[in-house]
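Reminder, nothing fancy here: chain letters follow the sequence lines and each chain counts from 1.
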Protein chains: 2
Amino acid sequence: MTALSIGKLSKSTDVKVPTIRFYEQIGLLPEPDRTDSDRRVYGDRDVRRLAFIKHARQLGFTIDGIRTLLALSDQPDRDCDEANRLAQEQLAAVESKIAQLQALRGELWRMVEARCRGAAADCRVIETLADHARCMQDHVEPSPFAR
Amino acid sequence: MTALSIGKLSKSTDVKVPTIRFYEQIGLLPEPDRTDSDRRVYGDRDVRRLAFIKHARQLGFTIDGIRTLLALSDQPDRDCDEANRLAQEQLAAVESKIAQLQALRGELWRMVEARCRGAAADCRVIETLADHARCMQDHVEPSPFAR
DNA sequence: CTTGATCCTCTAGTCGCTAGAGCATGCAAG
DNA sequence: CTTGCATGCTCTAGCGACTAGAGGATCAAG
């Protein structure tokens with residue numbers, strides 16, 4: 001059973017030290033034991049939990065979603081419809097975000113392609129931005145997933 | 001020359017009233033004239049400027065990028081390398097974001113596909129999240145573009 | 001004239017961190 | 001054993017881009 005300082009935990013999970021403290025503060029990570037001089041001491045459980053959190057964040061789950069997922073995995077006797085549902089939702093959000101970004105990419109392509117070489121007066125980039133009618137696809141609301 | 005209240009401007013550009021005031025506060029929109037009773041009065045110029053801003057935001061430009069773009073379009077005698085550069089950057093950011101999201105989508109597909117029907121104890125969703133080794137692609141840093 | 005919509009300013013909250021101040025400790029080199 | 005730097009601690013404030021709410025003034029329709 002390894003005992004890790006916050007710095008070691010940070011290195012072994014690739015999550016920054018202030019972020020770990022932040023996760024503790026908002027209750028995503030349990031309050032760890034402390035040394036005599038008040039330093040946090042972590043164990044393998046914490047490494048696994050933090051890795052879980054990190055992975056879920058990378059997949060775009062919100063902190064709240066992760067909270068649910070963690071509660072689920074902490075009580076493994078419940079059924080996991082909730083987890084499936086969250087994953088589904090996440091997938092739908094990612095897919096709509098992709099679709100939206102592909103539309104934006106199209107428009108940016110046109111802008112970059114038509115780029116001007118002269119004065120900004122008839123700069124295509126600026127003109128395209130100024131005249132929304134130029135763009136063919138409708139833009140979508142920024143998805144709740146973003147970032 | 002139409003004179004618009006902030007509410008009319010909001011409706012005609014589909015930008016919320018508080019957002020318009022916020023844009024004024026941070027200097028993206030000029031301070032408009034006021035009526036005797038201190039209400040903001042806008043004109044066509046403002047409609048165009050706000051539409052420009054909205055469009056650029058939808059394309060993912062940051063407020064700072066938009067500030068540059070607006071400065072460029074306000075001084076049309078300058079050349080527009082800067083605008084081209086910004087558009088290029090934006091395109092690159094969007095493309096990398098798409099690639100990243102496609103990787104995430106792949107992983108979420110696998111999670112959703114393998115979804116369990118029993119107890120959370122061996123829930124694939126949770127297990128996948130817990131065991132990062134399961135995922136084939138490396139996750140990328142969230143791009144600066146997101147949202 | 002009344003009522004409800006719209007407007008005003010100001011402050012604070014959102015999300016998920018990140019940065020900094022101002023200290024206390026731990027550890028290795030000299 | 002001292003020096004000095006890395007790491008740790010708590011606390012507060014900041015980021016981007018809004019959004020929400022309080023508490024009040026004004027406008028326009030019926």
Side-chain angles (χ1 to χ4, degrees), chain A residues 3-29 31-42 46 50 53-70 90 93 97 139 141-147, chain B residues 3-29 31-42 46 50 53-70 90 93 97 139 141-147:
Chain A
L4 300 171
S5 69
I6 198 169
K8 297 283 169 57
L9 177 62
S10 168
K11 257 157 214 158
S12 75
T13 54
D14 204 28
V15 173
K16 287 179 193 157
V17 168
T19 304
I20 296 173
R21 288 196 278 245
F22 169 74
Y23 286 161
E24 179 186 328
Q25 194 189 306
I26 62 171
L28 264 197
L29 287 176
E31 293 188 20
D33 290 341
R34 301 282 187 133
T35 66
D36 290 351
S37 58
D38 234 28
R39 300 188 166 203
R40 290 167 176 85
V41 181
Y42 296 97
D46 300 298
L50 186 51
I53 293 168
K54 193 197 179 193
H55 193 186
R57 281 296 297 136
Q58 287 174 319
L59 285 171
F61 287 88
T62 63
I63 295 288
D64 248 36
I66 294 173
R67 227 186 280 276
T68 308
L69 254 12
L70 282 169
Q90 204 46 42
K97 187 72 189 173
H139 303 299
E141 286 293 295
S143 97
F145 170 64
R147 170 124 254 242
Chain B
L4 301 171
S5 69
I6 197 170
K8 297 284 170 56
L9 178 62
S10 168
K11 256 156 214 158
S12 76
T13 54
D14 203 29
V15 173
K16 288 178 193 157
V17 168
T19 304
I20 295 173
R21 288 197 277 247
F22 169 74
Y23 285 162
E24 178 185 330
Q25 194 189 306
I26 62 171
L28 262 198
L29 288 176
E31 293 188 18
D33 290 340
R34 300 282 187 133
T35 66
D36 290 352
S37 57
D38 234 30
R39 296 182 170 211
R40 290 168 177 85
V41 180
Y42 297 96
D46 300 298
L50 187 50
I53 293 168
K54 192 198 178 194
H55 194 186
R57 282 295 296 135
Q58 286 174 318
L59 285 171
F61 287 89
T62 63
I63 296 287
D64 248 36
I66 295 172
R67 227 185 280 276
T68 307
L69 254 13
L70 282 168
Q90 204 46 43
K97 186 74 187 169
H139 304 298
E141 285 292 295
S143 99
F145 169 65
R147 174 103 268 232

Q. Checking side chain to side chain contact (heavy atoms under 4.5 Å, CB included) for the pair Lys54(B)/Gln58(B): CA distance, chi angles, key distance, verdict?
A. CA-CA 6 Å; Lys54(B) 192 198 178 194; Gln58(B) 286 174 318; 3.7 Å; yes
Q.
Just to verify, what does Lys8(B) make a side chain to side chain contact (heavy atoms under 4.5 Å, CB included) with, not counting sequence neighbours?
A. Leu4(B), Ser5(B)
**Q.** Between P of dC8(C) and CG of Asp33(B), the distance in whole Å
**A.** 13 Å
Q.
Check this one for me: any side-chain N or O of Ser5(A) less than 4.0 Å away from OP1 or OP2 of dG8(D)?
A. yes
Q. Given atom NZ of Lys8(A) and atom P of dG8(D), what is their separation to the nearest angstrom?
A. 8 Å
Q. Taking atom P of dG16(C) as reference, at what distance in whole Å does atom CG of Leu29(A) sit?
A. 15 Å
**Q.** Gap between atoms CD1 and C1', on Ile26(A) and dC17(C) respectively (whole Å)
**A.** 9 Å
Q: Using atom CZ of Phe22(B) as one end and atom P of dG13(C) as the other, report the distance to the nearest whole Å.
A: 17 Å
Q. Would you say Arg67(B) reaches dA17(D)'s phosphate, i.e. side-chain N/O to OP1/OP2 under 4.0 Å?
A. no
Q) Is any side-chain N or O of Arg57(B) closer than 4.0 Å to OP1 or OP2 of dC18(D)? A) yes
Q) Which nucleotide sits closest to the side chain of Ile63(B): dT7(D), dC17(C), dA17(D)? A) dA17(D)
Do any N or O atoms of the protein come closer than 3.5 Å to N or O atoms of nucleotides 23-27 of chain D, and which pairs are they?
unit_1  : atom_1 : unit_2   : atom_2 : d
dT26(D) : O3'    : Ser37(B) : OG     : 3.4
dT26(D) : O2     : Arg39(B) : NH2    : 3.3
dC27(D) : OP1    : Ser37(B) : OG     : 2.7

(Q) Can you see if the side chain of Tyr23(A) gets near the phosphate of dG16(C) - specifically, an N or O under 4.0 Å from OP1 or OP2? (A) no
Q.
Please enumerate all residues that pass side chain to side chain contact (heavy atoms under 4.5 Å, CB included) together with Lys16(A), with sequence neighbours excluded.
A. Pro18(A), Thr19(A)
Q: Classify the nucleic acid contact of Arg40(B) as base, sugar-phosphate or nothing, counting any heavy atom under 4.0 Å across all strands shown.
A: sugar-phosphate
Just list the side-chain donor-acceptor pairs under 3.5 Å for residues 33-40 of chain B, sequence neighbours left out, or say none.
unit_1   : atom_1 : unit_2   : atom_2 : d
Arg34(B) : NH1    : Asp38(B) : O      : 2.7
Thr35(B) : OG1    : Ser37(B) : N      : 3.3
Thr35(B) : OG1    : Ser37(B) : OG     : 3.2
Thr35(B) : OG1    : Asp38(B) : N      : 3.4
Thr35(B) : OG1    : Arg39(B) : N      : 3.0
Arg40(B) : NE     : Glu24(B) : OE1    : 2.7

Q. Toward the 5' end of DNA chain D, which comes first, Gln25(A) or Lys16(B), by nearest nucleotide?
A. Gln25(A)
Q. Separation of Ile53(B) atom CD1 from dA17(D) atom P, in whole Å?
A. 12 Å
**Q.** Rounded distance in Å - CD1 (Ile20(B)) to P (dC18(D))
**A.** 12 Å
Q: Calculate the interatomic distance between Arg21(A) atom CZ and dT7(D) atom P; express it in whole Å.
A: 13 Å
Q: For Arg67(B), check salt bridge (charged side-chain N to carboxylate O under 4.0 Å, His left out) against everything at least two apart and list the hits.
A: Asp64(B)
Q) Which part of the nucleic acid, if any, lies within contact of Ile6(A), taking any heavy atom under 4.0 Å across all strands shown: a base, the sugar-phosphate backbone alone, or nothing? A) sugar-phosphate
(Q) When you measure from the side-chain N and O atoms of Thr19(A) to the phosphate of dT18(C), is any distance below 4.0 Å, counting only OP1 and OP2? (A) yes
Q: Apply side chain to side chain contact (heavy atoms under 4.5 Å, CB included) to Leu50(A) and Tyr42(A), showing your working.
A: CA-CA 11 Å; Leu50(A) 186 51; Tyr42(A) 296 97; over 6 Å; no
Q: Kindly write out the residues that satisfy side chain to side chain contact (heavy atoms under 4.5 Å, CB included) with Phe22(A), not counting sequence neighbours, or none if the list is empty.
A: Ile26(A)
